[in-house]
Amino acid sequence: MHNPIRYLYDYLHDRYGPQGWWPLFHAPGQKRQARGDDEPRYHHGDFSYPRTRLQRFEICLGAILTQNTSWRNVVDALRNLRRITYLQPKRIVDTPRSSLITAIVPARYYNQKSRYVCEFTHWFLRQKKQPTRDELLARIGVGNETADSMLLYAFTQPEFVVDAYTRRIAVFLGQVRDTARYDDIKQCFRERLKADVPVFQEYHALLVEHAKQYYVRKPWGENDPLREKFCRR
DNA sequence: TTCCAGGCAATAC
DNA sequence: GTATTGCATGGA
């Protein structure tokens, strides 16, 4: 196998198809459902999103809320926030903290995350240009993965996102040592791929999908069909 | 009942 | 510098 990282991408894309991350409530051209119980929408194969500042902001919110939390729960929290703020930054900063907390309860760590959301939103309102990675990392509640998710999906910068699933897969398939750090794993993928925003966006989403199939329960990767294709350890 | 989710900051060593 | 701990919901 000439380039295992490229091979892995092609395999996942063939198997699962375009993932269309990041899902958005604020998707133009789609009517809001009257009942208000709709889901954020994926945009499979359409890499023209996000198109507006409001959509970028919504992605950033989701990136904070989904830290160590299932997306299913995050959707509930985003829906609550939409009900009281329309997911608009100006409304969020004018909303009492107690109301934000109540809305964020389904997304776990609601005391911490309400603070993160609040402080991030104040910063977002002041920030007029494209943020740098260091500027994002300087926000309370924004670490490596969250910063890269924001850059890749909200600000369409070619930053590869490494999450716990990426680590499990990369380690199991022998691409990095189990002692590898965030930047080591990121570098492993980046140096074997051309810097390409759509590919990076799809790759991360595909790894999450694949991990949900084979890397949730221990022993991680046991039944992964890719096991035979990769020389491990 | 137990395990797990699209981490981060604070603290301990 | 690395390792551990607190955070704290809802679904499988």
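Numbered from 1 within each chain, the chains take letters A, B, ... in sequence-line order. Keep in mind that the numbers below use all heavy atoms, side chains included, and drop hydrogens, waters and symmetry copies.
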Expressed as a whole number of angstroms, how long is the span from A/Tyr110:OH to C/dG6:C1'? 13 Å

Sequence neighbours excluded, which residues qualify as side chain to side chain contact (heavy atoms under 4.5 Å, CB included) partners of A/Arg217? none

With side chains defined as the heavy atoms from C-beta onward, is the minimum distance between A/Met1 and A/Phe230 less than 4.5 Å? yes

Side chain to side chain contact (heavy atoms under 4.5 Å, CB included) with A/Lys90: which residues, sequence neighbours excluded? A/Leu125

What residues, two or more places apart in sequence or in another chain, satisfy ring-ring contact (aromatic ring centres under 6.0 Å, His included) together with A/Tyr203? A/Tyr9, A/Phe160, A/Phe189

Near DNA chain B, which residues from residues 145-158 of chain A have a heavy atom under 4.0 Å away? A/Glu145, A/Thr146

If only side-chain N and O atoms of A/Tyr165 are considered, is one of them under 4.0 Å from the OP1 or OP2 phosphate oxygen of B/dG6? yes

Aromatic ring of A/Tyr109 stacked on base six-ring of C/dA8, 5.5 Å, 30°: no

Donor-acceptor pairs under 3.5 Å, side chain of residues 97-105 of chain A to any protein atom, not counting sequence neighbours: which ones?
| unit_1 | atom_1 | unit_2 | atom_2 | d |
| --- | --- | --- | --- | --- |
| A/Thr102 | OG1 | A/Ser98 | O | 3.0 |

d(NE2, A/His204; C1', B/dG7) in whole Å: 12 Å

Could you check whether A/Arg181 gets within reach of a base, just the sugar-phosphate, or nothing at all, counting any heavy atom under 4.0 Å? sugar-phosphate

Under the ring-ring contact (aromatic ring centres under 6.0 Å, His included) rule, collect the residues that match up with A/Trp71, sequence neighbours excluded. A/Trp22

Rounded P spacing from C/dA8 to B/dT11 in Å: 15 Å

Nearest-neighbour nucleotide for the A/Val216 side chain, B/dG7, C/dA8, B/dC4 considered: B/dC4

Taking the P atom of each, how far is B/dG6 from C/dT5, in whole Å? 24 Å

Measure from CG on A/Leu65 to P on C/dA8 and round the result to the nearest Å. 14 Å

Taking only side-chain nitrogens and oxygens of A/Arg168, does any of them come within less than 4.0 Å of OP1 or OP2 of B/dG6? no

Under 3.5 Å: donor-acceptor pair, side chain of A/Tyr153, backbone of A/Gln201: yes

Partner set under ring-ring contact (aromatic ring centres under 6.0 Å, His included) for A/Tyr16, not counting sequence neighbours: A/His210

Filtered N/O pairs between nucleotides 9-13 of chain B and protein, under 3.5 Å:
| unit_1 | atom_1 | unit_2 | atom_2 | d |
| --- | --- | --- | --- | --- |
| B/dA9 | OP1 | A/Gly141 | N | 2.8 |

Using whole Å, report how far CG of A/Asp183 lies from P of C/dG1. 13 Å

CG of A/Asn68 versus C1' of B/dG7: gap in Å, rounded? 5 Å

How many whole angstroms separate atom CD of A/Gln213 from atom P of B/dG6? 13 Å

Residue set satisfying side chain to side chain contact (heavy atoms under 4.5 Å, CB included) with A/Ser48, at least two apart, ordered chain then number -> A/Asp46, A/Arg51

Between CG of A/Asp163 and C1' of B/dC8 the distance, given in whole Å, is 14 Å

Round to a whole Å and report the spacing from CD of A/Gln112 to P of C/dG6. 12 Å

Polar atom pairs between nucleotides 10-12 of chain C and protein, under 3.5 Å, N or O only, would you list them?
| unit_1 | atom_1 | unit_2 | atom_2 | d |
| --- | --- | --- | --- | --- |
| C/dG10 | O4' | A/Asn73 | ND2 | 3.1 |

Can you tell me which residue pairs pass the side-chain hydrogen bond (donor to acceptor under 3.5 Å, both in side chains) test with a partner in residues 167-183 of chain A, sequence neighbours excluded? A/Asp148-A/Tyr182

Partners meeting side chain to side chain contact (heavy atoms under 4.5 Å, CB included) with A/Arg83 (sequence neighbours left out): A/Asn80

Sub-4.5 Å side-chain heavy-atom contact between A/Cys188 and A/Ile5: yes

Quick test of the criterion, 5.5 Å between centres and less than 30° between planes. Is A/Trp21 stacked on B/dG6 or not? yes

